[in-house]
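First comes the structure, then the notes that go with it.
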Amino acid sequence: MASDTSFLPTADTPIDVVQASPTPAAGQLQAGTRDFRRTARAMFVGGFATFALLYGMQPLMPMFSVEFQIIPAAASGVISAATGALAFGLIPASLMADRFGRKPVMNAALGLAAVLTLAAAFADSFQQLVVLRGLMGLALAGLPAVGMAYLSEEVDARSLGRSMGLYIAGNGLGGMSGRLIMSTLTEWLSWRYAVAALGILGILATLEFWRSLPPSRHFQPTGLSVKDLLADARDHFGDAGLPWLFATGFLLMGCFVSVYNYLGYHLADAPFSLRPSLIGLVFSLYLVGMLGSAWAGRLADRFGRRDVLWIMVVVMAAGLLLTLSNSLPLIILGVAGLTFGFFGGHSVASSWIGRRATRAKALASAIYLCCYYLGSSGVGSVSGLMWGIDGWRGIVAMLAVGMLLLTGIALRLRKLAPLPVNIGKP
C-alpha cells in the first residue's frame, strides 16, 4: 500500500477531493464487475420506483382541481405532502440505517411505500388521499436517505459518478413512466385504477430490488446517538462546500418540480388546450434527463464536478426561459433543456456530497436530500400561488429568481478549494 503521507492539491486540480491512490479500496466495486452491475441494476430500479411513487400523481393535479373544486396550489398537496414528509423522514431513516444496515432499511421503505400507494386508490376524499400520500412519503424516506451513502461506501471513487448517474437515471425513467401510466390510465379508466397500478408497480420493484442488491461490505453498524448526530451535523454545516451543496439541492428540485407541477395547467389552457394523455407525453422528456444524469456523471468523473455543475445550471435556466414562448415546439424544447440540466446538476451535486463528506456520509446524504425534497414541497407549493397572480409568467418569474441564486452558488462552488486527502486512502 502506498504511503499515508498527506499532500495538498494544486490550484488546477479538477476534482473536489484529490485522489492519489491508483487502486480502489479493498472490496470496493468497480465498473465492469458482476457485483457492480447487480448494484447498478438494483439502484436503478430503486430510483425508478422512488420517483414513480412520489410524482406519478403530478399530471392528475388539473383533474383533482376540477373533481374536488380546489385551486392549483391546493391540488399540489398530493405532491407536496409526499415530498415534505419524505424530507422530514430522511434523517431518522439514516439513523435507522446506521443501526440496522443499509439494505434492510431500503427494502422495508420501498415495500411499505408501495403498499400505501395501493391503499391510496381507495381514498374516500381528497384529504384522505393527501394523508395517505404523506404516510407514503414518510415510509419511502428510507431509500433515498441511504441510497447515496450505500453507493459512496461500496463503489470505487472512480466509478462513483457512473453509478450515481445510473441511480438518478432510474429516477428519471420512474418519474416519466409513473406520470405516463397515471395520465393514460386515468383517461381510459379512472385515477383510482391508475393509482392501484402504480402501487402494484412499486411492489414488483421492491422484489427486484431485494433480489439484486448485494449486501453491504463496508458498512459498520453504529448506535442511535443524538449527540453524535448533532456533532456530525455541525461538522457538515461547518464545511466550506457542503452547505452550498445542500442549498443547490433545494433550489434545483424546487425549480424543477414547480415547472412540472403547473405545466399541465398551462398546456390545458388556450391556445394549446391539450387533453391529459397528450400532456402526459410531455413527461417523456424525462428520457432527456436520464441522458443528462449519466452524461454529467461521466464528465464529473473525468473533468471534475466544479467544472460541470455550473454548466448544467445554465442549461436549466435557459430551458426555463424558453417555456415563456407561445410556440408549443419551443416550450417542449425548453422543458427538455430544463430537464437535462436538472438531472445533470443533481447527478453532479449528489455525487459531490459523497466525495466531500469525509465522515457520517449517510447523514450528509440525508441532509442534502432533506433540502432537495423540502425544495420540492415548499417551492412547489408556493409557486402555485403565482399561478393565481400572473399564470405561467408569474411562475417563471419566481423560478427565474431561484435560478439566478442557483447560478451564483454554482459559480461559488467552482472556486471551492479541494479537500486534501492521504495517499492510499479512498
Side-chain angles (χ1 to χ4, degrees), residues 11 14-16 161 164-165 168 171-172 237 239-263 285 288-289 291-293 295-297 299-300 302-325 330-331 333-353 355-356 367-380 382-383 386 392-418:
I15 56 176
D16 54 290
M164 197 72 74
I168 295 171
N171 289 161
F237 279 101
D239 181 75
L242 286 175
W244 296 107
L245 288 169
F246 300 153
T248 296
F250 179 90
L251 290 170
L252 275 173
M253 191 56 158
C255 293
F256 175 74
V257 165
S258 295
V259 168
Y260 275 95
N261 270 357
Y262 305 106
L263 183 65
L285 293 172
V288 177
L291 296 175
S293 64
W295 183 74
L299 284 183
R302 183 175 180 182
F303 298 109
R305 291 155 182 82
R306 67 189 68 249
D307 289 325
V308 178
L309 178 60
W310 73 271
I311 296 174
M312 295 296 102
V313 170
V314 169
V315 170
M316 187 177 174
L320 174 67
L321 295 179
L322 271 180
T323 66
L324 289 171
S325 171
L330 283 180
I331 291 175
L333 179 62
V335 176
L338 178 132
T339 304
F340 184 92
F342 164 72
F343 276 98
H346 176 43
S347 175
V348 172
S350 57
S351 64
W352 202 340
I353 291 287
R355 299 293 296 129
R356 185 78 192 180
I367 295 173
Y368 172 82
L369 288 174
C370 181
C371 295
Y372 176 83
Y373 287 111
L374 282 176
S376 173
S377 180
V379 180
V382 173
S383 58
M386 298 300 294
W392 186 251
R393 288 181 301 179
I395 289 175
V396 171
M398 175 183 165
L399 299 183
V401 175
M403 292 305 307
L404 186 62
L405 292 173
L406 188 53
T407 302
I409 292 172
L411 292 176
R412 181 186 179 96
L413 285 168
R414 192 166 185 260
K415 299 177 182 179
L416 180 67

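Everything quoted here is computed from the prediction, not taken from an experiment.
- Side-chain contact between Leu321 and Met403 is absent, with no heavy-atom pair separated by less than 4.5 Å.
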**Prompt:** Can Trp352 and Leu413 be said to form a side chain to side chain contact (heavy atoms under 4.5 Å, CB included), step by step?
**Reply:** CA-CA 11 Å; Trp352 202 340; Leu413 285 168; 4.0 Å; yes
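- In this view, Ala318 satisfies the side chain to side chain contact (heavy atoms under 4.5 Å, CB included) rule with no residue, not counting sequence neighbours.
- Under the 4.5 Å side-chain criterion, counting only non-hydrogen atoms from C-beta, Met316 is in contact with Leu252.
- With sequence neighbours excluded, the residues satisfying side chain to side chain contact (heavy atoms under 4.5 Å, CB included) with Phe250 are Cys371, Leu374, Val379.
- With values rounded to the nearest 0.5 angstrom, Phe340 atom CZ is found 5.0 Å from Met312 atom CE.
- Side-chain contact between Thr323 and Leu338: absent, with no pair of heavy atoms (C-beta onward) separated by less than 4.5 Å.
- Side-chain contact between Val335 and Tyr260: present, with at least one pair of heavy atoms (C-beta onward) separated by less than 4.5 Å.
- Aromatic pair His346/Tyr372: ring centres closer than 6.0 Å.
- Every residue two or more places apart in sequence or in another chain that forms a side chain to side chain contact (heavy atoms under 4.5 Å, CB included) with Leu333 is listed here: Leu322, Leu330.
- With Ser258 contributing its side chain and Gly254 its backbone, the two residues share a donor-acceptor pair below 3.5 Å.
- Here the closest non-hydrogen pair linking Ser383 and Ile395 is O-CG1, 3.4 Å.
- Across all their heavy atoms, Tyr262 and Gly380 have their closest contact at OH-O, 2.6 Å.
- The two atoms that bring Asp239 and Pro243 nearest to each other are O-CD, 3.1 Å, heavy atoms only.
- Of the inter-residue distances, the one linking Leu309 atom CG with Leu411 atom CG reads 9.0 Å to the nearest 0.5 angstrom.
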**Item:** Residues Met253, Phe342; criterion side chain to side chain contact (heavy atoms under 4.5 Å, CB included); working and verdict
**Value:** CA-CA 8 Å; Met253 191 56 158; Phe342 164 72; 3.5 Å; yes
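- The OG1 atom of Thr248 sits 7.0 Å away from the OH atom of Tyr368 when rounded to the nearest 0.5 Å.
- Sequence neighbours left out, the pairs with a member in residues 393-417 that pass side chain to side chain donor-acceptor pair (under 3.5 Å) are Asp307-Arg414, Asp390-Arg393.
- Going from atom CZ of Phe246 over to atom CZ of Phe237 covers 5.5 Å, rounded to the nearest 0.5 Å.
- Under the ring-ring contact (aromatic ring centres under 6.0 Å, His included) criterion, Trp392 pairs with His266, not counting sequence neighbours.
- Listed by chain and residue number, Leu405, Leu406, Ile409 satisfy the side chain to side chain contact (heavy atoms under 4.5 Å, CB included) test with Leu251 (two or more places apart in sequence, or in another chain).
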